[in-house]
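What follows is one structure encoded as structure tokens, with my remarks underneath.
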Amino acid sequence: MSECRWQKSSYSVEGSNCLYIAAGEREAIMLRESDRPGVILTTTRTRLRIFIRAVKAGQFDHIGEPRR
């Protein structure tokens with residue numbers, strides 16, 4: 001794989017805990033956090049778009065809540 005050009009999210013403030021994104025080979029999109037740059041999540045544009053829409057729609061709001 002060629003050298004990645006990581007771009008910091010515009011929603012990340014100065015300091016730690018920043019999200020970075022890079023285009024990979026073919027359709028790959030790679031994500032990493034500044035506090036663990038060696039851990040890279042790889043997905044596609046389509047899957048990332050679907051995930052972001054689901055988050056915005058509140059489909060994951062229940063995560064972390066105690067089970068009933």
Side-chain angles (χ1 to χ4, degrees):
M1 179 186 308
S2 62
E3 185 69 26
C4 294
R5 290 182 45 198
W6 292 99
Q7 179 180 345
K8 184 168 78 168
S9 168
S10 60
Y11 288 95
S12 295
V13 295
E14 292 298 323
S16 61
N17 299 323
C18 297
L19 178 67
Y20 288 84
I21 189 168
E25 295 177 1
R26 299 182 186 198
E27 294 293 315
I29 298 294
M30 299 178 297
L31 303 163
R32 72 178 187 189
E33 292 183 284
S34 58
D35 60 341
R36 296 189 68 194
V39 177
I40 299 171
L41 173 68
T42 303
T43 189
T44 64
R45 290 177 188 263
T46 301
R47 289 181 176 173
L48 183 58
R49 187 178 307 115
I50 291 168
F51 175 72
I52 290 171
R53 285 181 182 161
V55 169
K56 287 181 176 182
Q59 294 182 15
F60 299 100
D61 290 353
H62 67 283
I63 294 176
E65 293 178 0
R67 292 185 181 185
R68 296 178 186 186

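Only this structure's heavy atoms are used, side chains among them; waters, hydrogens and symmetry mates stay out. Heads up: numbering here begins at 1 and tracks the sequence.
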Fill in: Straight-line distance of Thr46 OG1 to Ile29 CD1, nearest 0.5 Å
9.5 Å
Practice prompt. Find the distance between OG1 (Thr42) and CZ (Arg47) and round it off to the nearest 0.5 Å.
Written response: 11.5 Å
Worksheet item: When rounded to the nearest 0.5 angstrom, what is the spacing between CD1 in Ile21 and CD1 in Ile40?
Response: 12.5 Å
Practice prompt. Kindly compute the distance separating CG (Leu41) from CD (Glu33), expressed to the nearest 0.5 Å.
Written response: 10.0 Å
Discussion item. Contact between Leu48 and Arg45 at the side-chain level, heavy atoms closer than 4.5 Å - yes or no?
Written reply: no
Practice prompt. For a side chain to side chain contact (heavy atoms under 4.5 Å, CB included) with Tyr20, tell me which candidate from Met30, Gln7, Arg32 qualifies.
Written response: Arg32
